[in-house]
Amino acid sequence: MKEVMHSKKHWAPGSGVKILRVARTDGYGWNVYAAVPEKGTCPDCGIRSSRRHGWRHRRLLDYPSHGEAVVIQLRIGRWRCTVQHCSRRTFSDEASAN
Ligand SMILES: [Zn+2]
């Protein structure tokens with residue numbers, strides 16, 4: 001699984017995803033709110049960071065279940081790398097998963 005190259009488009013979160021909330025949508029179907037772990041790993045220096053820079057939401061999946069739409073709203077963190085010699089300032093969970 002780790003050897004497979006994922007494009008951004010096909011990126012999928014690892015096993016640490018937590019379901020935060022499941023809510024009925026206005027129309028029909030369900031929104032499933034999920035979040036990735038509370039720490040990110042810098043893709044350049046490999047140091048984990050818990051300095052959150054911000055969040056954004058990504059619509060990850062959209063598939064029917066018993067005829068109703070199920071949308072996964074994944075909360076993805078942006079992190080700040082605090083390592084002095086690392087040239088990267090911020091990174092996202094998507095980058096660290098690649
Ligand atoms: Zn770094």
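The figures here come from the full heavy-atom set of this structure, side chains too, leaving out hydrogens, waters and symmetry mates. Both ligands and their constituent atoms are indexed starting at 1 by order of listing.
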Q: Given the rule in the side-chain contact (heavy atoms from CB on, under 4.5 Å) test, do S49 and C42 qualify, once you have shown the distances and angles that lead to the verdict?
A: CA-CA 7 Å; S49 173; C42 177; over 6 Å; no
Q: So how far is it from R75 CZ to W55 CH2, rounded to the nearest 0.5 Å?
A: 4.5 Å
Q: Is it true that the NZ or CZ of R51 lies under 6.0 Å from the centre of W79's six-membered ring and within 45 degrees of the ring axis?
A: no
Q: Which protein N, O or S atoms sit under 2.8 Å from the Zn ion (ligand 1)?
A: C42 SG, C45 SG, C81 SG, C86 SG
Q: For the atom pair CD1 (I76) and OG (S92), what is the distance rounded to the nearest 0.5 Å?
A: 7.0 Å
Q: Would you say I19 ends up clustered with V71 if hydrophobic residues are merged whenever their side chains have heavy atoms under 4.5 Å apart, either directly or through other cluster members?
A: no
Q: How long is the gap from CZ on R80 to CZ on R89, to the nearest 0.5 Å?
A: 8.5 Å
